[in-house]
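The block underneath contains the structure these notes are about, expressed in structure tokens.
The first residue in the sequence is number 1, and the count goes up from there. Not measured: the values here are computed from a predicted model.
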Amino acid sequence: MSSSVAELLAALEPTTGGEAQMHPEGMPAGAFHNTPPAAPSETPRIYRGRSIEELIPRIESELGTDAVIVRRREGLTGGIAGFFQRRFVELEALPGGPRIDIYDEDPNVPALPDSLQTPPLKEPSVGIPESFSPEPTDGPPGRSYVSEHLAALSRSSIPEHFHRPLDPAPRPAFQGLRPEDFSTPSMRTPEPLDPPERPWRAPVRTPTPAAAPKRARGRIERQLLSLGVSEQFAAELIDGALAHVLPLAPRGGLARAVTETLIQRIPVAPVLPVQGAAIVLVGPGGAGKTSCCASLLDAYRRSGVLPASCATLISDPHKGGLQILLSPHIMRPTQLASQRAIKALQRTRAKGMAVLDTPALSPADPSTVRELAGPLGDLGPERVVVALPATLGATAAAQLLAALAPLGTNSLAITHADETDQIGVAVEAACSFGLAPEYLLSHARPSGWKLSRVDPAGLAAMLLQ
């Protein structure tokens, strides 16, 4: 049987160096067992073109359909400085030589000498195993099929169920060169690999507002309500925690998420300047603003690096207007609106800390608030602190803060903190009116009043323990 040029071309692999692939026996890939290699005197002819389809007709017309392709190269040519290059394909071919058919027997061909003939195969003494299949299988080029040797065996020694045709299937007639004959395994698309198996793990489910535990929500609501927080503010804190905090930290729990939400809601005051500042305490009678002033003055004088002075504002309806006492500059009551009082306050503030204690203010007396708003606006203090008793209810606290808003209040001192556990009223009021809680005043026996700084995290911990 004869092999086709397409089979020879299909066995070639394109290489970067242009060398033909070799079989283990040392034969070129284009030379099969039934096609002898070209004579050494024959010189391969080189064909170059843009594609294989362009070279096939030339090879067939010049060398015939039995041409042997011995080398294939691909590359780029032309262009300027590496740009605009074109792809080319180069093939080296030899004309096909005479062929010897080792399968078909011709009576006109003389027999080989006895020394070169293959001795006949002996019949095997053992039976063929049931798992053996005599079907022909493709072998490497240059070797005959196993079925050719099995054909010499006697069919009488093979069981009936092994009687199958042993002759190889006839080869199709040569139809000329085709582009598909030049396909190589390296040009095929690799099959996708299956991803490695991973151990199964249960998915982590994060709580959502709809799936939040009702028991935890109810417990947090009851705790907030017991400390003076209104139902509306408690619902806002829990809903905000479920919507924005809990999805990012599901392992912390709902209580931790509500605590972080409350910390974000509490306002924070700006930092005081290093050179000096003025702090004004305002509030109703009995709120503890004078005690806050005394505690602040004592703290700055004992542990601070800035000199501290305390000014007292007096409301005298008989003399009219507000009067001021500022030691050691003003030892007698002087009108607050006078140039002497204003310059003394500015000088004290420039050198250190100036703490101002104001007269008692009431939401029912807006005239006193308006009278104090003018001088405070001219002074421009860094802090206008409202002394808010923790014992006030939510309605009274809201009325007081709304009445003192014209003074430019921006901070809060929670007083009488040791007399009640309703700290939630002051915290909610601070969030509603945008006041930063800074001080916490409590009565510590027997030393008297104790003033301490407080931050949003500390207040949130007092509400959600």
* Asked: What distance separates Thr259 OG1 from Leu459 CG, expressed to the nearest 0.5 Å?
  -> 12.0 Å
* Could you give me the CA-CA distance, side-chain angles and deciding distance for Leu281 and Thr290, then say whether side-chain contact (heavy atoms from CB on, under 4.5 Å) is met? => CA-CA 8 Å; Leu281 272 297; Thr290 302; over 6 Å; no
* To do: Decide side-chain contact (heavy atoms from CB on, under 4.5 Å) for Leu401 and Thr409; before the verdict, give the C-alpha distance in whole Å, the side-chain angles of both, and the deciding distance to 0.1 Å.
  => CA-CA 9 Å; Leu401 296 179; Thr409 55; over 6 Å; no
* Does the pair Arg217 and Leu242 meet the rule for a side-chain contact (heavy atoms from CB on, under 4.5 Å), with working shown? -> CA-CA 10 Å; Arg217 184 186 182 104; Leu242 291 172; 3.4 Å; yes
* Say whether, by atom type as modelled, one donor and one acceptor occur between the side chain of Glu54 and the main chain of Arg50 under 3.5 angstrom. => yes
* Asked: Do the side chain of Ser327 and the main chain of Leu325 share a donor and acceptor less than 3.5 angstrom apart?
  -> no
* How many angstroms lie between OG1 in Thr65 and CD in Glu60, if you round to the nearest 0.5 Å? -> 7.0 Å
* Please check if the side chain of Arg349 supplies one atom and the backbone of Leu379 the other of a donor-acceptor pair under 3.5 Å. => yes
* Structure fact -> Which of Leu296, Ile414, Val454 passes side-chain contact (heavy atoms from CB on, under 4.5 Å) with Tyr439? It is Leu296
* Could you tell me whether the side chain of Arg347 and the main chain of Ile342 form a donor-acceptor pair under 3.5 Å? => no
* Can you check whether Leu227's main-chain N or O pairs, donor with acceptor, with Asp421's side chain at less than 3.5 Å? -> no
* To do: Could you pull out the closest heavy-atom pair between Pro284 and Ala360, with the gap in Å?
  => C-CB, 4.2 Å
* Asked: Are any of the side-chain nitrogens in Arg48 or Glu92 under 4.0 Å away from the carboxylate oxygens of its partner?
  -> no
* To do: Please report the closest heavy-atom contact between Thr261 and Gly240, naming both atoms and the distance.
  => OG1-C, 4.1 Å
* Ala436 backbone acceptor or donor facing Ser411 side chain under 3.5 Å -> yes
* Asked: Checking Gln223 side chain against Leu463 main chain: does a donor-acceptor pair fall under 3.5 Å?
  -> yes
* Asked: Is the side chain of Glu74 donor-acceptor paired with the backbone N or O of Val89 at a distance under 3.5 Å, no angle test?
  -> no
* Cut-off 3.5 Å, side chains only: do Asp357 and Thr312 have a donor facing an acceptor? -> no
* Asked: Is the shortest side-chain N to carboxylate O distance from Asp365 to Arg370 below 4.0 Å?
  -> no
* Nearest heavy-atom neighbours spanning Ala429 and Leu388 -> CB-CD2, 4.5 Å
* Asked: Would you call Arg219 and Glu221 a salt bridge, using N to O less than 4.0 angstrom?
  -> no
* To do: Enumerate the residue pairs fulfilling ring-ring contact (aromatic ring centres under 6.0 Å, His included) with a member in residues 44-63, sequence neighbours excluded, ordered by first and then second residue.
  => none
* Asked: So which heavy atom on Leu336 is nearest to which on Pro375, and how close?
  -> CD2-CB, 3.4 Å
* Structure fact -> Residues passing the ring-ring contact (aromatic ring centres under 6.0 Å, His included) test with His416, sequence neighbours excluded, are Trp449
* Give the minimum heavy-atom separation between Pro437 and Leu435, together with the two atoms involved. => CD-O, 3.2 Å
* Asked: Just by distance, do the side chain of Gln399 and the backbone of Pro363 share a donor-acceptor pair under 3.5 Å?
  -> no
* Ignoring hydrogens and angles, tell me if any N or O in the side chain of Lys289 forms a donor-acceptor pair with the backbone of Thr358 under 3.5 Å. => yes
* Structure fact -> Leu441 and Ser295 have their tightest heavy-atom pair at CD1-OG, 4.3 Å
* Report the C-alpha distance between Glu428 and Ser230 in whole Å, list the side-chain angles of each, state the deciding distance to 0.1 Å, and finish with yes or no for side-chain hydrogen bond (donor to acceptor under 3.5 Å, both in side chains). => CA-CA 8 Å; Glu428 182 177 354; Ser230 64; 2.6 Å; yes
* Asked: Using a distance-only test with no angle check, is there a side-chain donor-acceptor pair under 3.5 angstrom linking Gln422 and Thr391?
  -> no
* Asked: Restricting to pairs with a member in residues 429-444, which pass salt bridge (Lys or Arg N to Asp or Glu O under 4.0 Å), not counting sequence neighbours?
  -> Arg383-Glu438, Glu438-Arg453
